[in-house]
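Notes follow the structure.
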Amino acid sequence: MSLAEHDDHALADTCDKFVRHAIRAGVRLRGHHNQNFVLPLTEELARHVECEVGTPVTVRIRRPEALPVVVRTWPREGEVLDAVGRMLPHQVPRYLAAGREASIHSYVDGVPLSELHPDGTVVPGDVVEELANLSARMAQAGREALPPLPADWPSDDRDSRGFLRLLTAQVDHQVREPNWPVFGRLFIALGVPEDAMRRFAGRLPAMTGRPFALLHADLHRDNVIVTRSGAPRLVCVDWELATYGDPLHDLAIHLVRMRYPKPQREQVIDAWCRALRRTSPDSVDGVAQDLRHYVEFERAQSVYPDVVRAAQSLTIRPDHPGRRELARSTAVVRKALKAAAGPLGLDGVPDVADIERALKNWCRFSTSAPPSPTTPAPR
């Protein structure tokens, strides 16, 4: 074993030991895809990552039970943070180290934007402007500054239509396919055909070409931290779904997942366009015509995670889900179907009684074997 390999193994062993300590003694934070723990650095690990002993850090452990309901371009969030940190050194967490099943990041001391301004409420204009400026800086990142992309990525870094078609194929491969053996019966009963995403891709019209850029791809209120120090004011976290493509995709995700009040949507689009014109003017070409295609894609693909999570929440009592739980899941499914019906070309949306019946039948006949994740744990 070379000296470098020995050092790598030693660091991995130290990280794994620290991760076990984090599970026992860290403060647990919520997270959909990861278990997050905050705790101070031990002396042993601090030496490896060149930080002071006692510095608070975040340990992120991929949830082994998490269903495959998101698309990932890069399997290791640490590599993404390394690249992003070079461009936005003060507005993203610092990647410190990785164990064999977890990654360790600097801790961002602050509160999520969602706690200050919950979903559906107006976001202050200066926050909107700052997030738009962040997108403008990300638009300057070319593929050479990022981790290697998968082989099927469009070779033309302005092929917006090709990028959106790739996204639909990724949803089909990374989300629908692994979930179909367990949840396919339910989707069919709800009127979502097996080839729904392929049909969506086939209906895409010609689109304006825009220069590709780094995209966060999950920028909502929980992932924007308002820092206590105010320097910087905002830090964006959870870069595990980051990707590289048409900046309009990031704007569409942001508009849908931030749940802005309808009157504020135009303010957000205007701020985004003004910011992008300063750093990448071609990125705003065709916004008026093409933004809707990305918004429709976001609503279309969301039907899979929303329905899967709603159904999975009923499996605590699969033979007889509680009335309250069933009503909650039915409402989530109906909302998702209504949002996706137009983009996916569905033949209407089932009524409440039909959705309840489909969910109860799925609970009764579904297999207990969970889908298998398609990507390895983060590093």
Side-chain angles (χ1 to χ4, degrees), residues 69-74 80 83-84 87-88 131-143 145-147 149-150 152-175 197 200-201 203-220 223-224 236 238-260 265 268-269 271-273 275-277 279-305 339-340 343-344:
V69 293
V70 293
V71 167
R72 300 178 192 275
T73 299
W74 295 294
V80 179
V84 177
M87 293 172 274
L88 308 167
L131 291 173
N133 290 334
L134 177 71
S135 294
R137 293 170 65 189
M138 290 163 56
Q140 297 175 290
R143 71 165 69 203
L146 302 170
L149 289 159
D152 58 352
W153 222 256
S155 57
D156 179 358
D157 280 3
R158 299 179 67 104
D159 184 4
S160 296
R161 188 187 189 201
F163 173 65
L164 186 46
R165 281 182 162 172
L166 172 66
L167 290 176
T168 63
Q170 288 180 320
V171 169
D172 207 49
H173 175 62
Q174 295 189 33
V175 180
M197 290 308 299
F200 177 89
R203 292 192 297 270
L204 286 174
M207 296 171 62
T208 300
R210 282 165 292 274
F212 288 6
L214 167 68
L215 314 178
H216 183 283
D218 196 25
L219 197 57
H220 53 73
N223 286 343
V224 177
C236 296
D238 288 6
W239 288 81
E240 61 182 325
L241 305 186
T243 189
Y244 176 72
D246 186 344
L248 273 192
H249 178 47
D250 230 12
L251 176 60
I253 289 174
H254 184 66
L255 287 172
V256 174
R257 299 186 190 181
M258 283 283 284
R259 294 186 171 86
Y260 289 106
R265 287 171 58 89
V268 175
I269 295 170
W272 185 89
C273 289
L276 269 289
R277 283 193 189 100
T279 62
S280 179
D282 291 353
S283 294
V284 302
D285 290 348
V287 169
Q289 295 76 35
D290 291 346
L291 178 58
R292 66 184 180 89
H293 301 312
Y294 284 101
V295 171
E296 288 179 349
F297 167 76
E298 171 64 10
R299 290 172 174 158
Q301 69 84 24
S302 291
V303 77
Y304 297 105
L344 290 180

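Values below: all heavy atoms of this structure, side chains included; hydrogens, waters and symmetry mates excluded. Along the sequence shown, residues carry numbers from 1.
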Q: For the pair Y244 and F212, name the ring-plane relationship: parallel under 30°, tilted 30 to 60°, perpendicular over 60°.
A: perpendicular

Q) Shortest non-hydrogen contact from L215 to P247? A) CD2-CA, 3.6 Å

**Q.** From CG (N133) to CG (L276), nearest 0.5 Å
**A.** 9.5 Å

Q: Indicate the atoms forming the closest heavy-atom contact of A275 with A136, along with that distance.
A: O-CB, 3.4 Å

Q) If we only count heavy atoms from C-beta on, is the F163 to D159 side-chain gap below 4.5 Å? A) no

Q. Can you check whether T279's main-chain N or O pairs, donor with acceptor, with Q140's side chain at less than 3.5 Å?
A. no

Q) Closest heavy-atom contact between A217 and D250? A) N-OD1, 2.7 Å

Q: Working to the nearest 0.5 Å, report the span between CZ of F200 and CG of L164.
A: 5.5 Å

(Q) I'd like to check H249 versus F297 (side-chain heavy atoms, cut-off strictly below 4.5 Å). Are they in contact? (A) yes

Q: Test D290 against R210 for side-chain contact (heavy atoms from CB on, under 4.5 Å), laying out the working first.
A: CA-CA 10 Å; D290 291 346; R210 282 165 292 274; 3.0 Å; yes

Q) Are the side chain of H220 and the backbone N or O of R259 linked by a donor-acceptor pair below 3.5 Å? A) no

Q: Answer yes or no: is there a side-chain heavy-atom contact under 4.5 Å between L255 and L291?
A: yes

(Q) Walk me through whether W239 and L214 qualify under side-chain contact (heavy atoms from CB on, under 4.5 Å). (A) CA-CA 11 Å; W239 288 81; L214 167 68; 4.2 Å; yes

Q.
Go through it in stages, so that I can follow the logic: the residues are R143 and W153, the test is side-chain contact (heavy atoms from CB on, under 4.5 Å), and I'd like the CA-CA distance, side-chain angles, deciding distance and then a yes or no.
A. CA-CA 11 Å; R143 71 165 69 203; W153 222 256; 4.3 Å; yes

Q: Only pairs at least two apart or in different chains count here, so list each side chain to side chain donor-acceptor pair (under 3.5 Å) that has a residue in residues 160-171.
A: S160-D246

Q) Between A83 and P147, what is the shortest heavy-atom contact and its length? A) CB-CD, 4.0 Å

Q.
I'd like to check S135 versus L251 (side-chain heavy atoms, cut-off strictly below 4.5 Å). Are they in contact?
A. no

Q: Would you indicate whether the side-chain heavy atoms of V268 and M258 approach each other to under 4.5 Å?
A: no

Q: Would you mind reporting whether H293 and P205 have side-chain heavy atoms less than 4.5 Å apart?
A: yes

Q. Under a 4.5 Å cut-off applied to non-hydrogen side-chain atoms, are V70 and E240 in contact?
A. no

Q: Could you check if a side-chain atom of R137 sits within less than 4.5 angstrom of a side-chain atom of M87, using non-hydrogen atoms only?
A: no

Q) Taking the side chain from S302 and the backbone from E298, do they hold a donor-acceptor pair closer than 3.5 Å? A) yes

(Q) I need the minimum non-hydrogen distance between Q301 and V171, along with the two atoms involved. (A) CB-CG2, 3.9 Å

Q) Can you name the nearest heavy-atom pair linking M207 to Y294, along with the distance? A) CE-CE1, 3.5 Å

Q. What do the steps show when you test C236 against L219 for side-chain contact (heavy atoms from CB on, under 4.5 Å), and what is the final call?
A. CA-CA 8 Å; C236 296; L219 197 57; 3.7 Å; yes

**Q.** Backbone of D218 reached by a side-chain donor or acceptor of N223 within 3.5 Å
**A.** yes

